[in-house]
Amino acid sequence: FCIGRKEQREVSARFPGKRVEYMPNGVDVKRFTQGDGPRFRQTYGVPQNARLLATIARIAPPKNQLLLIRALPALRRKDPSVHVAFVGSVNDQAYHQELLCAARELGVADAVTIVPGLQPEDPLLVDAFHAADVFVLPSVHEPFGIVVLEAWAAGRPVIAARVGGVPDFVDDGVNGLLFNPSDLEDFLRAYDTLTPEHAASLAVAAREKVRQYDWDAITKRLVETYIAVVADYARP
């Protein structure tokens, strides 16, 4: 079983004649549908009238949160209300300090909120998705990108890096926007296309597609695959 199409192709090439299935991650759609965005903002001091870009991932270089801090000066020149929030455990203290230093040097420290250590079952984790006006996944490495599914279930427009398994399920311009995570200008171009109308259409399309990734649907696919494999091996 592979969670990415690229991985599936590579494994199939390495093991010709073997059955290699693409089996994506899933999401508890019902859980992420309901959240309290204002509560998250109030808890962590994010202005209620800010335009919030949120990234939910561990604080570490592969997650590339630094790109959003580098983008903030340009974003705030066009809209001074733009604020970014990074939610995730701090796996790399040096990188955490690098984010804080970059925010200070660029004069945007007041527009950056870092929330470390929310547990998976914490209601505020779901609230974080609902607090966001835009969900951003800037990772330079991402085998799948389950947080995109969670953002979709929460009804958020998504801008995600064109890496790993993300392009396997995000249709650029239809249910999300893709960009090169090593290219700041490419991110800014993608963001500039996100008019209110475009954001709304992306969110509608995403909420429709995320139903395919509800855990009930993924579990059904998994069980059907096992049944088919057992039937194949039962033949003489």
Side chain to side chain contact (heavy atoms under 4.5 Å, CB included) between Lys209 and Asp171, worked out = CA-CA 10 Å; Lys209 186 165 185 177; Asp171 305 309; 3.1 Å; yes

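- Linking Ile, Leu, Val, Met, Phe, Trp and Tyr whenever their side-chain heavy atoms come within less than 4.5 Å leaves Leu125 and Val84 in two separate clusters.
- Phe179 approaches Ala190 most closely through the heavy-atom pair CB-CB, 4.4 Å.
- For Gln65 (side chain) and Pro138 (main-chain N/O), no donor-acceptor pair under 3.5 Å exists by modelled atom type.
- Atom CD of Gln34 sits in a sparse spot, with 12 or fewer heavy atoms from other residues, nucleotides or ligands closer than 6.0 Å.
- Ring pair Phe144/Phe169: centre-to-centre distance below 6.0 Å.
- Electrostatic pairing of Arg9 and Asp168 does not count as a salt bridge here, judged by no charged N lying under 4.0 Å from a carboxylate O.
- By the criterion of side-chain heavy atoms lying less than 4.5 angstrom apart, applied directly or through intervening Ile, Leu, Val, Met, Phe, Trp or Tyr residues, Leu149 is grouped together with Val126 in one hydrophobic cluster.
- Between Val163 and Ser139, the closest heavy-atom pair is CG2-O, 3.5 Å.
- Between the side chain of Arg41 and the backbone N or O of Pro47 there is at least one donor-acceptor pair closer than 3.5 Å.
- Of the possible donor and acceptor atoms, none in the side chain of Thr113 sits under 3.5 Å from a partner among the backbone N and O of Ala85.
- Distance alone, capped at 3.5 Å, places no donor-acceptor pair between the Asn64 side chain and the Val140 backbone.
- If you take CG on Leu67 and CG on Leu184, they are separated by 5.5 Å, rounding to the nearest 0.5 Å.
- Side chains of Arg207 and Thr33 form a contact here, defined as non-hydrogen atoms less than 4.5 Å apart.
- In this structure, Leu188 and Glu185 have side chains that are in contact, with non-hydrogen atoms separated by less than 4.5 Å.
- In this structure the side chain of Asp92 reaches within 4.5 angstrom of the side chain of Pro61, judged on heavy atoms.
- Within 6.0 Å of CD on Gln212 lie more than 12 heavy atoms contributed by other residues, nucleotides or ligands.
- Between the side chain of Glu150 and the main chain of Val27, no donor-acceptor pair closer than 3.5 Å is present.
- Trp215 approaches Gly26 most closely through the heavy-atom pair CH2-N, 3.3 Å.
- Glu10 and Lys6 are joined by a salt bridge, as a carboxylate oxygen and a charged side-chain nitrogen come within less than 4.0 angstrom of each other.
- Contact annotation: the side chain of Val87 never approaches that of Tyr44 to less than 4.5 Å [non-hydrogen atoms, C-beta and beyond].
- Of all heavy-atom pairs between Leu137 and Val166, the closest is CD2-CG2, 4.1 Å.
- A donor-acceptor pair under 3.5 Å is formed between the side chain of Asp133 and the backbone N or O of Leu52.
- At least one side-chain heavy atom of Phe40 sits less than 4.5 Å from a side-chain heavy atom of Val115.
- Counting all heavy atoms, side chain and backbone alike, Asn25 lies closest to Ile146 at CB-CD1, 4.0 Å.
- Separating the CG atom in Leu99 from the CD1 atom in Ile69 is a distance of 4.5 Å, to the nearest 0.5 Å.
- Minimum heavy-atom separation, Ile3 to Tyr22: O-CE1, 3.3 Å.
- Between the side chain of Arg156 and the backbone N or O of Ala132, at least one donor-acceptor pair lies under 3.5 Å.
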May I have the step-by-step check of side chain to side chain contact (heavy atoms under 4.5 Å, CB included) for Asp192 and Lys78, ending in yes or no?
-> CA-CA 10 Å; Asp192 284 344; Lys78 295 181 179 180; 2.9 Å; yes

Let me see the working for Arg189 and Asp186 under salt bridge (charged side-chain N to carboxylate O under 4.0 Å, His left out), right down to the final yes or no.
-> CA-CA 5 Å; Arg189 281 192 293 270; Asp186 196 33; 3.5 Å; yes

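- Under the 4.5 Å side-chain criterion, counting only non-hydrogen atoms from C-beta, Leu202 is in contact with Leu194.
- Under the 4.5 Å side-chain criterion, counting only non-hydrogen atoms from C-beta, Lys63 is in contact with Glu142.
- Under the side-chain contact (heavy atoms from CB on, under 4.5 Å) rule, Phe86 has a single partner from Ile59, Leu53, Ile56, which is Ile59.
- More than 12 heavy atoms of other residues, nucleotides or ligands sit less than 6.0 Å from atom NE2 of His198.
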